[in-house]
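In what follows, chains are A, B, ... by sequence order, proteins preceding strands, each numbered from 1.
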There are 2 protein chains.
Amino acid sequence: MFSKSCKYAIRAVLYLALHADSEANIGVKEIADRLDVPKPFLAKILQQLSRYQLISSVKGPNGGFFMSTENMREPLRKVVECMDGPEVFSSCILGLPVCSSQNPCPLHTQAFIFREGLLKVVGSKSVAELARQVSDEGLKL
Amino acid sequence: MFSKSCKYAIRAVLYLALHADSEANIGVKEIADRLDVPKPFLAKILQQLSRYQLISSVKGPNGGFFMSTENMREPLRKVVECMDGPEVFSSCILGLPVCSSQNPCPLHTQAFIFREGLLKVVGSKSVAELARQVSDEGLKL
DNA sequence: ACTAAAAAAGATAAAAAACTCTTTTTTTCT
DNA sequence: AGAAAAAAAGAGTTTTTTATCTTTTTTAGT
Ligand code: FES
Ligand code: FES
């Protein structure tokens, strides 16, 4: 489903949303350590997220990453699409050139239900909402 | 979700189930042409499926692949697991080391529902049943 | 027995994904 | 101004996946 980059990105964004307050930015090192992902690889991912304005960064000493209010308002879906492209939620699970309910593949019905459910979560909930849920329900990152 | 090998495998098995009768075996070429997948790659995949006794083959002139009665009785799940390993249906969608409802990731609930739905289809229905459904409902391969 | 057709096996190649290293830029602090 | 910290940028490496090519084995038909 998701590439590793994408998985790391989702977890990193939620980590940032949970731990970055306006005071202290968070460096790649901390995130990489806490999420147990390769640091230089994560750095690249954060770079890209930053380019697409899904997270914010400041350079220099005491610099690092954080989530602006606008960042927090974005749906997680944008993070996913930033990493894996927009096709993730619309491509056929069997790799057929088009996925359509008019001309479905044998697994379409199930796959479709799933994608819709997932879209409901990552598409309609903001990073802020999801982060709250993570902390309220003690979900794992 | 599925690797390309796995997608090709699923489609190839269903194609065989639909088109191979006891009279005429089907060669790699025909399947590759019809499903529009690279022939030598598909050959490797069929080889593996054959090794795991999920499809049957005969060598020599007029040889090719076909589905034995036993092959037809297997759930499609075996095909998936033969290609992508047994973890596909139990691993965390965010790549966390374990997926568990006790200690879920933020997307667990949705992912779990999906996997169960998919498992219901590929795990409980035999290739024969699925193939029938494909032909009855005019599904695409 | 010989030929040809087909899969099996094995070796290789190309492309993509995952990961790392090095240099540059920006910025803070002394 | 200079040193140091941190991200940005760019180049490079490794691993995995996808795909291809070549040789061998099996077998049917002549
Ligand atoms: S057609 Fe295959 S998932 Fe929709
Ligand atoms: S814990 Fe992530 S999918 Fe179950």
(request) Please check if the side chain of B:Q48 supplies one atom and the backbone of B:C82 the other of a donor-acceptor pair under 3.5 Å. (result) yes

(request) Indicate, with a heavy-atom threshold strictly under 4.0 Å, whether A:P40 touches base, sugar-phosphate, or nothing. (result) base

(request) Classify every nucleotide of nucleotides 3-13 of chain D by which part a protein heavy atom approaches to under 4.0 Å, writing B for the base, S for the sugar-phosphate alone and - for neither, in 5'-to-3' order. (result) -BBBSBBBB--

(request) Could you check if a side-chain atom of A:L18 sits within less than 4.5 angstrom of a side-chain atom of A:L141, using non-hydrogen atoms only? (result) yes

(message) What is the separation between atom CD1 on B:I45 and atom P on C:dA9, rounded to the nearest whole Å?
(response) 16 Å

(message) Can you classify the ring geometry of A:F89 versus A:F2 as parallel (below 30°), tilted (30 to 60°) or perpendicular (above 60°)?
(response) perpendicular

(request) Indicate yes or no: at least one non-hydrogen side-chain atom of B:L119 is less than 4.5 angstrom from one of B:R77. (result) yes

(message) What is the distance, to the nearest angstrom, from the NZ atom on B:K39 to the P atom on C:dA5?
(response) 12 Å

(request) May I ask you to test the A:K4-A:V37 pair for a side-chain heavy-atom distance under 4.5 Å? (result) no

(request) Without swapping roles, check the side chain of A:S50 against the backbone of A:L46 for a donor-acceptor pair under 3.5 Å. (result) no

(request) State, to 0.1 Å, how close A:A131 and A:L14 come at their nearest heavy-atom pair, and which atoms those are. (result) N-CD2, 4.1 Å

(message) Rounded to whole Å, how long is the line connecting atom CG of B:D84 with atom P of D:dT16?
(response) 15 Å

(message) I'd like to check A:E81 versus A:L54 (side-chain heavy atoms, cut-off strictly below 4.5 Å). Are they in contact?
(response) no

(message) Contact list please: residues 3-10 of chain B against DNA chain D, heavy atoms, distance less than 4.0 Å, in numerical order.
(response) B:S3, B:K4, B:S5, B:Y8

